[in-house]
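What follows is a single structure, written as structure tokens, with notes after it.
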Amino acid sequence: MIQELVLAAIGAILLRLVYLLVVIRRNASAGLQGVLKRKGPARTMIVMGSGGHTAEMLQIVERLDFARYAPRQYVIAAADKTSVVKVIDVEVHREPDMSKQQYEIVTISRSRHVQQSYFSSIFTTLTAIFNSVPVVLRYRPDLILTNGPGTCVPICVVAFLAKLFWINRSCRIVFVESFCRVKSLSLSGKILLWITDLFVVQWPGLAKQANGSATSRKVECFGRLSS
């Protein structure tokens with residue numbers, strides 16, 4: 001009971017903080033539309049999950065124009081060897097010549113393990129955020145592409161703060177909700193809905209729900225993105 005109350009209190013504080021940061025960000029960036037225009041390829045950070053998340057994201061990656069989205073940095077949770085192998089397979093298939101490949105793979109600690117309690121995940125998430133700071137600040141991505149694994153939350157939070165404080169204001173965060181999310185958003189989606197630049201769902205009904213939750217935020221539905 002005490003843990004639930006503490007978790008609820010922390011959650012309320014964090015949500016209020018995020019709301020205030022969004023308001024500050026919007027006010028600070030007013031009038032900057034059209035100033036930041038893309039010249040050349042976009043430095044792209046792609047956050048991988050595991051299992052279904054990785055499979056869906058790789059199908060999206062395979063459709064990217066590698067000339068426009070380069071170099072690419074894949075962020076993978078520590079110990080997720082399967083995703084590492086799959087990423088390398090996709091990159092090598094698209095460009096067999098190693099001298100022309102433009103990608104790298106980095107790992108960070110998991111923000112939440114399978115069946116881990118929400119209360120204890122607060123501390124592992126804070127650790128993951130700390131680990132994400134040098135990754136995001138060193139790479140300075142123009143685009144962050146993710147589809148909802150827990151690993152994406154610390155990365156996106158750090159990127160959002162970097163934008164808020166004008167450390168890397170050119171970064172755009174694109175969240176693609178998993179195809180299996182038909183009636184409700186994932187936990188990652190609910191957390192990041194307010195700080196992403198584009199939030200994509202794959203079911204029309206979910207788009208209406210997300211737009212209702214985000215009020216002024218724009219949520220897009222392009223249909224199914226993975227086969």
Quick check: closest heavy atoms across [X] and [Y], and the distance to 0.1 Å?
{"X": "Phe66", "Y": "Val61", "value": "CE1-O, 3.5 Å"}
{"X": "Ser83", "Y": "Gly49", "value": "OG-O, 3.1 Å"}
{"X": "Pro204", "Y": "Cys221", "value": "N-SG, 3.6 Å"}
{"X": "Ala70", "Y": "Pro41", "value": "O-CB, 3.5 Å"}
{"X": "Leu206", "Y": "Arg181", "value": "CD2-O, 3.1 Å"}
{"X": "Lys190", "Y": "Trp194", "value": "O-CD1, 4.1 Å"}

Tell me, do [X] and [Y] make a side-chain contact under 4.5 Å, heavy atoms counted?
{"X": "Val176", "Y": "Thr146", "value": "no"}
{"X": "Val219", "Y": "Val200", "value": "no"}
{"X": "Met48", "Y": "Asp80", "value": "no"}
{"X": "Thr44", "Y": "Gln73", "value": "no"}
{"X": "Val133", "Y": "Asn131", "value": "no"}
{"X": "Cys156", "Y": "Phe175", "value": "no"}
{"X": "Leu192", "Y": "Cys152", "value": "yes"}
{"X": "Thr82", "Y": "Thr54", "value": "no"}

To the nearest 0.5 Å, how far apart are [atom1] in [X] and [atom2] in [Y]?
{"X": "Asn147", "Y": "Ser178", "atom1": "CG", "atom2": "OG", "answer": "6.5 Å"}
{"X": "Ile105", "Y": "Ile46", "atom1": "CD1", "atom2": "CD1", "answer": "10.5 Å"}
{"X": "Gln101", "Y": "Ile88", "atom1": "CD", "atom2": "CD1", "answer": "9.0 Å"}

**Request:** Run the numbers on Asp197 and Lys163 for salt bridge (Lys or Arg N to Asp or Glu O under 4.0 Å), then give the verdict.
**Result:** CA-CA 11 Å; Asp197 295 282; Lys163 292 170 64 178; 2.6 Å; yes
Donor-acceptor pair, distance only, cut-off 3.5 Å: does the side chain of [X] make one with the backbone of [Y]?
{"X": "Ser186", "Y": "Gly189", "value": "yes"}
{"X": "Trp203", "Y": "Phe179", "value": "yes"}
{"X": "Ser188", "Y": "Gly148", "value": "yes"}
{"X": "Arg43", "Y": "Tyr139", "value": "yes"}

Are the charged groups of [X] and [Y] less than 4.0 angstrom apart, N to O?
{"X": "Glu56", "Y": "Arg63", "value": "no"}
{"X": "Glu91", "Y": "Arg72", "value": "yes"}
{"X": "Arg94", "Y": "Asp89", "value": "no"}

**Request:** Show your working on side-chain contact (heavy atoms from CB on, under 4.5 Å) between Leu185 and Glu177 and close with a plain yes or no.
**Result:** CA-CA 7 Å; Leu185 298 176; Glu177 187 62 279; 3.7 Å; yes
**Prompt:** Between Ile144 and Phe130, is there a shared hydrophobic cluster once you connect ILVMFWY residues whose side-chain heavy atoms come closer than 4.5 Å?
**Reply:** no
**Message:** Please determine whether side-chain contact (heavy atoms from CB on, under 4.5 Å) holds for the pair Tyr69 and Leu143, giving the CA-CA distance in whole Å, both sets of side-chain angles, and the decisive distance to 0.1 Å.
**Reply:** CA-CA 9 Å; Tyr69 300 95; Leu143 169 67; 3.7 Å; yes
**Criterion side-chain contact (heavy atoms from CB on, under 4.5 Å) on Leu145 and Met57, from CA distance to verdict** = CA-CA 9 Å; Leu145 182 61; Met57 179 53 71; 4.1 Å; yes
**Asked** Pick one: which of Ile129, Ile173, Ile108 meets side chain to side chain contact (heavy atoms under 4.5 Å, CB included) with Ile155?
**Response** Ile108
**Request:** Could you check Glu220 against Leu198 for side-chain contact (heavy atoms from CB on, under 4.5 Å), going step by step and ending with a plain yes or no?
**Result:** CA-CA 7 Å; Glu220 295 282 359; Leu198 176 62; 3.5 Å; yes
